[in-house]
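What follows is a single structure, written as structure tokens, with notes after it.
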Amino acid sequence: MKPYFSWKTLCLLLCLALLAGCSDDEQPDPQLPPLVWPDDVATAIPDEGFRAHCLRFFDEDKDGRLSKEEVLAVTVISYLYRWPQIHTLEGIAYFSNLERLNLGGCTVSALDLRYNSRLEVIYLENLESLTVLRGPVGYAPLRIEFLDICNLKELDLSGCGNLRKLHLGVKGTLGTTLTSVVLPDASHLQYLNIAAANQASYDTLLAGASNLVRLYCHFYPGEVLDLSACAKLDELVVQTTSGSTLRKLRLRKDMPLNGGIYICDENGVCSLEIEYVE
């Protein structure tokens with residue numbers, strides 16, 4: 001008698017075969033240079049503060065070294081206002097199973113997370129020196145929360161295939177230096193809080209945000225804020241400044257907007273013309 005396999009069994013066997021072919025340290029993108037693993041990963045972390053932090057929390061056998069197995073076991077790195085100071089996170093690429101990064105109170109100027117393909121949460125706070133942020137290359141459902149972008153200039157999310165939440169807030173009516181945003185596919189965005197220094201940065205995200213539900217838009221520098229691509233928008237907050245050239249919002253007629261529209265400047269609530277389009 002011939003063996004019989006149901007379609008469910010065949011699907012399960014196929015999934016197991018695919019999983020068996022995947023390794024914890026597989027390359028996230030063939031275009032990235034391959035990682036070369038040293039015997040002691042701690043030697044690939046040049047920053048004294050970051051190396052000390054990793055040895056303290058991830059050196060399980062307390063031998064003063066970081067093995068490949070110890071590094072691949074790490075899913076969370078949390079460094080918020082601890083001593084000593086951290087100036088660079090070079091070496092974080094080896095933590096390829098990292099799912100959450102909490103970082104604050106450092107003097108890091110550039111953060112490259114392209115190799116951390118399984119990241120789901122990036123929480124950044126009080127990073128006044130950070131000017132360049134490169135997101136992970138992968139398809140994990142990703143949330144980026146940057147509470148005060150201050151001096152951030154470049155945001156490269158070109159490899160982020162499933163960005164759900166992006167929070168780029170500023171304090172009060174302070175200006176921002178962000179002038180470059182790269183996100184080829186913004187269709188997964190559901191929450192966006194953005195403050196940027198040029199119109200192109202806003203338009204890059206808003207033009208393709210077809211599933212955006214909540215939008216907090218700060219200091220848009222143009223005359224017309226076009227949200228006609230945001231068909232599912234439910235809540236909209238627009239913050240301007242005195243003397244702003246913004247005069248019109250362009251919205252779809254069928255937008256839910258159950259949460260309403262709130263428009264304000266530093267002096268309180270103000271009004272803008274609203275144009276509805278099909």
Spell out, as yes or no, whether a donor-acceptor pair under 3.5 Å connects the side chain of Ser180 to the backbone of Glu154. no
Thinking salt bridges, do Lys253 and Glu278 make one under a 4.0 Å N-O criterion? yes
Main chain of Asp63, side chain of Asp59: is a donor-acceptor contact present, judged purely on distance under 3.5 Å? yes
Show, in sequence, the C-alpha distance, side-chain angles and deciding distance for Glu125 and Tyr81, and conclude whether the side-chain hydrogen bond (donor to acceptor under 3.5 Å, both in side chains) test is met. CA-CA 10 Å; Glu125 181 180 350; Tyr81 309 105; 3.2 Å; yes
Can Thr43 and Asp40 be counted as having a side-chain donor-acceptor contact under 3.5 angstrom? no
Between Ser96 and Arg118, does the side-chain contact (heavy atoms from CB on, under 4.5 Å) criterion hold? Intermediate values first, please. CA-CA 7 Å; Ser96 56; Arg118 298 185 182 182; over 6 Å; no
OG on Ser129 to CG on Leu152, rounded to 0.5 Å: 12.0 Å
Applying side-chain contact (heavy atoms from CB on, under 4.5 Å), run through Thr107 and Leu130 and close with a yes or a no. CA-CA 7 Å; Thr107 58; Leu130 188 64; over 6 Å; no
Hey, any chance Val181 and Leu147 share a hydrophobic cluster, counting ILVMFWY side chains that come within less than 4.5 Å of each other, even indirectly? no
Is it true that a side-chain atom of Asp265 and a backbone atom of Gly268 form a donor plus acceptor pair closer than 3.5 Å? yes
Does atom CD of Glu48 have more than 12 heavy-atom neighbours from other groups under 6.0 Å away? no
Assigning hydrophobic clusters by single linkage (Ile, Leu, Val, Met, Phe, Trp, Tyr; side-chain heavy-atom cutoff under 4.5 Å), is Leu189 placed with Leu257? yes
Donor-acceptor under 3.5 Å (Asn211 side chain, Gln190 main chain): no
So, Arg114 and Asn116: side-chain donor and acceptor under 3.5 Å apart, yes or no? no
I would like to know whether Asp226 and Tyr202 meet side-chain hydrogen bond (donor to acceptor under 3.5 Å, both in side chains); could you show each step before the answer? CA-CA 10 Å; Asp226 189 349; Tyr202 293 89; over 6 Å; no
Starting at CG of Leu103, measure out to CG of Leu127 and round the result to the nearest 0.5 Å. 5.0 Å
Would you find a donor on one side and an acceptor on the other, under 3.5 Å apart, between the side chain of Thr131 and the backbone of Lys153? no
For Tyr94 against Val36, the heavy-atom pair lying closest together: OH-O, 2.8 Å
If you count the non-hydrogen atoms of other residues, nucleotides and ligands that lie under 6.0 Å from OH in Tyr139, is the total more than 12? no
Does Gln199 have more than 12 heavy atoms from other residues, nucleotides or ligands lying within 6.0 Å of its CD? yes
Is there side-chain contact between Leu225 and Leu246, with heavy atoms separated by less than 4.5 Å? yes
Any sub-3.5 Å donor-acceptor pair from His188's side-chain atoms to Gly161's backbone N or O? yes
Modelled atom types, side-chain donor and acceptor of Asp254 and Tyr276, under 3.5 Å: no
Does NZ or CZ of Lys165 fall inside the cone over Tyr191's six-membered ring, less than 6.0 Å from its centre and within 45° of the axis? yes
CA sep, side-chain torsions, deciding dist, call: Leu233, Val213, side-chain contact (heavy atoms from CB on, under 4.5 Å): CA-CA 4 Å; Leu233 199 60; Val213 176; over 6 Å; no
Can you tell me how far apart OG (Ser244) and CD (Glu223) are? Round to the nearest 0.5 Å. 9.5 Å
Whether Phe50 and His53 hold their rings parallel, tilted or perpendicular, with breakpoints at 30° and 60°: parallel
Below 4.5 Å, heavy atoms only, C-beta onward: do Phe146 and Val170 meet side chain to side chain? no
What I want to check is whether the side chains of Tyr216 and Glu235 have a donor and an acceptor closer together than 3.5 Å. yes
Are any side-chain N or O atoms of Thr240 and backbone N or O atoms of His218, one a donor and one an acceptor, separated by less than 3.5 Å? no
Using every non-hydrogen atom in the two residues, find where Ala197 and Thr176 come nearest and quote the distance to one decimal. CB-O, 3.2 Å
SB check Glu60 Lys62 (cutoff 4.0 Å): no
Enter the distance from Glu70:CD to Phe58:CZ here, rounded to the nearest 0.5 Å. 11.0 Å
Residues Ser187 and Ser210: closest non-hydrogen pair is CB-OG, 3.8 Å
Write down the atom of Ala186, the atom of Leu205, and the distance for their closest heavy-atom approach. CB-O, 3.4 Å
Using atom types as modelled and distance alone, determine if a side-chain donor or acceptor of Asn97 lies under 3.5 Å from a backbone N or O of Leu72. yes
One pair to check against side-chain contact (heavy atoms from CB on, under 4.5 Å): Phe95 and Tyr115. What are the steps and the verdict? CA-CA 8 Å; Phe95 294 82; Tyr115 286 87; over 6 Å; no
Side-chain heavy atoms under 4.5 angstrom apart, residues restricted to Ile, Leu, Val, Met, Phe, Trp, Tyr: same cluster for Leu212 and Tyr262? no
Rounded to the nearest 0.5 Å, what's the gap from OG on Ser67 to CG on Asp61? Could you check? 6.5 Å
Hey, is the main chain of Glu128 close enough, under 3.5 Å, to the side chain of Asn151 for a donor-acceptor pair? yes
Measuring from Leu66:CG to Ile45:CD1, what's the distance to the nearest 0.5 Å? 5.5 Å
